[in-house]
Undergrad: 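What follows is a single structure, and I will ask about it in a moment.
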Amino acid sequence: MKSINKISLVLLVTILLVSALGCKKFLQREPTEILLDDQVWSDPKLALAVLANLYNRIQPTGGFEGGLLAPTDTDEAMWSGGLGGNNARNTRVNFPYTDKQFWPYELMRDLDLFLEKLEVADVMEAQDKMQLLAEARFIRAYVYFLAVRSMGGVPLILKTYQYTGPESVEDMKEPRATESGIYDFIASELDAIKDQMPLTETSKTRANKWTALALKAQAMIYAASIAKYNNQLTEPIQTVGGEVGIPADKANGYYTQALAAAKEIIINGPYSLYNVNTDKGQNFYDLFTKKSGNPEVIWAFDFTLEGKYHSFTVENIPRSLRENATGSTGLVPTLNLVEAFERLDGSSGTLLTNTPNGSDYIYYDKPEDIFEGKDPRMFGTIITPNSTFRGERIEIQAGVMEWNAATNRYVERTSSALNSIFTDGGLLVAANGPQPNAANVTNTGFFLRKYVDSRVGSGQAGQGSDIWWIRYRLGGILLIAAEAAFELNQQEEALSYINRLRERAGFGPNSLSSLDRTRIIRSTRLNWPLKSSVTGI
């Protein structure tokens, strides 16, 4: 019995020793699902994967993630995607104050952490390391631009902080920087890194030298405009410490920087205006939707059908073309935008509905005749009544006017039913409306075309679209150059940039011979109509 106990004890000790040694080896194994710092920062591919995550977390552009644009996203459109009251006159659509909230400091911290970790990595090739660092600094500068544009001076945080207890909280507090201080930081960062990134275009979605210059041009034109025009207000919007508001004497310096950055892209960059289709309206639409071989795009937020697509088309396609019952017609262009597009002969773009003396209506043979001679960019931006999209005629009609011989006047005839027929067998109310008490019909008489996918099947809720969102393109850079040159009293140079865009649109060469501030604003509206408040001009 004692012998058995001794043997059992020896076996138990042996088992425990073997178990302990085995456990020690188990605990010392390299993790298979977690990457360690040394692994990431010594491998350009792994570091690039982290950088790709940072790129992807830049604030999504208006409507492309969730599909819906809000009225606050646009200058020239209104909400139309709801039931009843949303389509009625004088109805206000309310959004929570957090709807467009933007406080990107979690992303900022991860950018700072990326820079700190990569900076001390000593295994990676110097060229790979320099480019990755430059790209991360570009993203950080871009995110600070989004922040300063929305909120003025924000805390400028360029390092990570570690919480070590309540006593460390005070050391982590940073005051707001001045508004001009943030813009100056953006300019200096971009100057420092632009030559550390590829000179040749390697990707439409990664930053390169030209992307950095585009951001600088955009940021500087914003800063210059604030410095000049905010100070012309009776009561400028500013704080005592300069957290909001930029001194007027900084305007010319910012305009000069904007023009220099834009000109470097225009003169030396590998970009040209998209001008493939002889149909100028279709060409303008294709500019925003064609990815392959697009020479105008500098930087875009891309989507693919392999898991990264958006529902912008689902939510904004005309009702008569929708491929599911969940939505359409979310946001529609206004008459104000339609009329902002002038005619190719230089006359006003106002839609003519009455005779010059106002004594009678103008009678058109077809509804589309009222748009004859308009700037083709309008047709690339907006679906107008009886135009064609996806091979279908888009009928937009609220009713008819019937002549009453007894009273010698017209009488309005309408119906509460969409796609209804009048007594003469013709159309009464179109399937697309307008109609005040139906869901997802246009309440302005127009639909979006720009960025809406023309391919059948892209409007399915389960599939979506892979059309990209363009952040920077040569057309926008020409507008920045024109505005900056105009503000610096370089009129001829400013005109040359505007006329390049007009000629591409279908106007004759040198169609403008003079320029004023109103024309600058109009040119921006027509080249970037329905622009997102997130992305700027």
Side-chain angles (χ1 to χ4, degrees), residues 102 137-138 140-158 174-194 212-267 472 476-498 514-525 528 533 535-537:
F102 182 57
R137 289 172 70 181
F138 167 82
R140 186 172 64 178
Y142 182 75
V143 176
Y144 268 113
F145 169 65
L146 298 181
V148 70
R149 189 183 59 186
S150 301
M151 297 174 284
V154 294
L156 184 60
I157 311 296
L158 303 178
E174 290 284 349
R176 292 179 68 178
T178 62
E179 189 164 12
S180 61
I182 296 293
Y183 279 110
D184 290 341
F185 163 76
I186 293 169
S188 63
E189 277 287 274
L190 297 171
D191 284 342
I193 65 174
K194 64 183 176 67
L213 286 166
L215 172 55
K216 184 178 181 183
Q218 184 187 33
M220 295 301 96
I221 204 73
Y222 268 77
S225 299
I226 294 167
K228 180 171 182 176
Y229 291 100
N230 182 47
N231 286 290
Q232 292 181 12
L233 298 176
T234 304
E235 296 183 9
I237 302 170
Q238 58 189 16
T239 58
V240 174
E243 297 85 1
V244 175
I246 299 176
D249 60 8
K250 283 180 163 286
N252 274 8
Y254 286 135
Y255 280 126
T256 300
Q257 291 188 74
L259 181 57
K263 286 178 69 173
E264 190 166 353
I265 297 171
I266 294 166
I267 296 170
Y472 294 128
I477 300 304
L478 286 166
L479 288 171
I480 290 172
E483 181 176 353
F486 174 81
E487 295 290 355
L488 293 169
N489 295 317
Q490 299 174 27
Q491 294 279 329
E492 291 302 315
E493 184 174 349
L495 265 173
S496 70
Y497 299 132
I498 294 291
S514 63
L515 203 58
D516 57 22
R517 181 71 184 170
T518 300
R519 174 62 69 175
I520 291 283
I521 294 171
R522 173 176 289 183
S523 297
T524 300
R525 288 173 69 195
W528 292 86
S533 61
T535 57
I537 65 170

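Both backbone and side-chain heavy atoms feed into the values below; hydrogens, waters and symmetry mates do not.
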Undergrad: Is Tyr229 close to Arg517 at the side-chain level, that is, under 4.5 Å between some pair of heavy atoms?
TA: yes
Undergrad: Hey, could you give me the CG/CG distance between Leu213 and Leu190, rounded to the nearest 0.5 Å?
TA: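 Rounded to the nearest 0.5 Å, the CG-CG separation comes out at 8.0 Å.
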Undergrad: Nearest 0.5 angstrom please: Leu156 CG to Tyr144 OH, how far?
TA: 4.5 Å
Undergrad: Compare all side-chain heavy atoms of Met151 with those of Val154 and state whether any distance is below 4.5 angstrom.
TA: yes
Undergrad: How close do Ala251 and Ala224 get, heavy atom to heavy atom, and via which atoms?
TA: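 In this case the closest contact between Ala251 and Ala224 is O-CB, 3.6 Å.
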Undergrad: Do the ring planes of Tyr142 and Phe138 sit parallel (below 30°), tilted (30 to 60°) or perpendicular (above 60°)?
TA: parallel
Undergrad: Look at the side chain of Asn230 and the backbone N and O of Ile237, then say whether any donor-acceptor pair between them is shorter than 3.5 Å.
TA: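 Judged by distance alone, yes, a pair lies under 3.5 Å.
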Undergrad: Ile266 versus Tyr497: any side-chain heavy-atom pair under 4.5 Å?
TA: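 Heavy-atom side-chain distance check passes, below 4.5 Å.
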Undergrad: State, to 0.1 Å, how close Ala484 and Ala258 come at their nearest heavy-atom pair, and which atoms those are.
TA: CB-CB, 4.3 Å
Undergrad: If you measure from OH on Tyr472 to CD1 on Ile480, what distance do you get to the nearest 0.5 Å?
TA: 7.5 Å
Undergrad: More than 12 heavy atoms of other residues, nucleotides or ligands under 6.0 Å from CD of Glu492: yes or no?
TA: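 No, not enclosed.
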Undergrad: Examine distances only and state if a side-chain atom of Glu179 and a backbone atom of Gly245 form a donor-acceptor pair shorter than 3.5 Å.
TA: yes
Undergrad: With heavy-atom distances below 4.5 Å as the criterion, would you say the side chains of Ile186 and Val148 are in contact?
TA: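 The answer is yes, as the side chains (C-beta and beyond) meet within the 4.5 Å cut-off.
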Undergrad: Just wondering, do Glu483 and Ser225 contact through their side chains at under 4.5 Å, heavy atoms?
TA: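 In short, these two side chains touch, coming nearer than 4.5 Å.
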Undergrad: Could you report the tightest heavy-atom contact between Ala223 and Tyr183, atom names first, then the distance?
TA: CB-CG, 3.6 Å
Undergrad: Looking at Asp184 and Lys250, is there a salt bridge between them, counting it only when a charged N and a carboxylate O are closer than 4.0 Å?
TA: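 Between Asp184 and Lys250 there is a salt bridge, with a charged N closer than 4.0 Å to a carboxylate O.
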Undergrad: Return yes if some donor-acceptor pair links the side-chain N/O of Arg176 with the main-chain N/O of Gly153 below 3.5 Å, else return no.
TA: yes
Undergrad: Tell me the closest heavy-atom pair linking Ala262 and Ala217, and the distance in Å.
TA: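 Reported closest heavy-atom pair: N-CB, 4.0 Å.
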Undergrad: Rounded to the nearest 0.5 Å, what's the gap from CD1 on Ile157 to CZ on Arg140? Could you check?
TA: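 Output value for this atom pair is 10.5 Å.
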Undergrad: How far does CD1 of Ile221 sit from CG of Leu479, to the nearest 0.5 angstrom?
TA: 10.0 Å
Undergrad: So, taking the atom named CZ in Arg149 and the one named CD1 in Ile182, what distance separates them when rounded to the nearest 0.5 Å?
TA: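 Nearest 0.5 Å value for the CZ-CD1 distance: 14.5 Å.
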Undergrad: Is the shortest heavy-atom distance from the side chain of Glu487 to the side chain of Tyr254 under 4.5 Å?
TA: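 With C-beta onward as the side chain, the pair stays apart.
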Undergrad: Do side-chain atoms of Asn231 reach the backbone of Ile246 as a donor and acceptor pair under 3.5 angstrom?
TA: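 At least one qualifying donor-acceptor pair exists.
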